[in-house]
Every structure is written in structure tokens, then in C-alpha cells.
Amino acid sequence: MRNSRLDRRTLLKNALVGLAAAPAVGLIRESQAAEVPHLDEKDPLAVAMGYVSDAKKVEPTKQPQFKPGAHCANCLQLTGKEGDEWRPCNIFVGKTVNAKGWCKVWVLKPGAKV
Ligand code: SF4
């Protein structure tokens with residue numbers, strides 16, 4: 001009985017410490033995201049994937065899979081903070097992509113519209 005009380009106390013204490021640290025971790029992640037380099041359109045993987053930092057530059061004749069209205073901000077692969085101009089993408093690890101960009105891997109995010 002006494003051990004289970006201690007265990008509960010320890011769990012509660014650890015949970016409170018964790019909650020207190022959460023905003024600090026968020027700040028660290030945001031500042032780290034700001035330091036992540038932007039994906040260059042000339043990067044070999046970007047070229048292979050047809051990435052452009054502005055979906056308005058996509059030439060539909062060269063990229064027939066492009067759908068008007070498609071861009072990184074409504075792509076399933078985009079992560080990071082909603083509203084940020086440059087955000088991480090699951091495809092281009094270690095780089096950030098422009099929310100207005102596009103590439104061949106684009107997939108509509110559930111609930112989003114083109
Ligand atoms: S996978 Fe999606 S978010 Fe990533 S660059 Fe391509 S279109 Fe943008």
C-alpha cells in the first residue's frame with residue numbers, strides 16, 4: 001500500500017515536471033526549425049521530384065499530375081507549424097520547403113481542399 005502511494009506521488013511529480021518542460025521543448029523545436037536550411041530547387045532530390053518553391057511556377061505540360069490548387073500547405077507530407085512560410089516535409093528530411101511550393105509526391109492532406 002505504501003509503495004503504491006509513493007509510486008503515485010512519483011508519477012504525479014514526474015508528470016508535473018514533464019508538463020512544465022513541454023513549452024520549453026516546443027520553443028527549442030521552433031528555434032531549431034528556423035535554423036533548418038530551405039530546400040534549393042537545384043538540389044538533386046528536389047530536381048528529381050520536380051520541386052518548386054512556388055506552385056505557380058509548375059508547368060502542367062511537364063508535370064501532368066499537377067492539380068491546380070495543389071501546394072505544400074495542403075499536402076499530407078508537410079509537417080511543422082501551420083502558417084509558417086518554410087516547414088519540414090517528410091520527403092526532404094533535413095530541409096524545409098515553402099508552404100506555397102509543390103512536388104510530384106504531393107498528396108492531398110485529409111480534410112484539406114485544393
Ligand atoms: S511532398 Fe508535399 S509538402 Fe513535401 S515538397 Fe512535395 S508537395 Fe511539398
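When a ligand or atom number is given, it counts from 1 through the structure's own listing order. Quick caveat: nothing in here was measured; it's all calculated off a predicted structure. In this chain, numbering begins with 1 at the start of the sequence shown.
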Task: Closest approach of Gly101 to Tyr51 (non-hydrogen atoms, all atoms of both residues) - done: CA-CE1, 4.5 Å
TODO: Report the distance from atom CG of Asp40 to atom CG of Leu45, rounding to the nearest 0.5 Å.
DONE: 12.0 Å
Task: Count of N, O or S atoms belonging to protein, less than 2.8 Å from atom 6 (Fe) of ligand 1 - done: 1
Open item on the list: How long is the straight-line distance from CG of Leu78 back to CD1 of Ile91, given to the nearest 0.5 Å?
Closed with: 11.0 Å
Task: side-chain hydrogen bond (donor to acceptor under 3.5 Å, both in side chains) partners of residues 101-114, not counting sequence neighbours, each pair once - done: Asn74-Trp106
Let me have the donor-acceptor pairs involving side chains of residues 54-61, under 3.5 Å, with sequence neighbours excluded, atom names and distances please.
unit_1, atom_1, unit_2, atom_2, d
Asp54, OD1, Lys56, N, 2.9
Lys57, NZ, Glu41, OE1, 3.4
Lys57, NZ, Glu41, OE2, 2.9

Open item on the list: Once side chain to side chain donor-acceptor pair (under 3.5 Å) is applied, do any residues pair with Asp43, and if so which ones, sequence neighbours excluded?
Closed with: Lys95
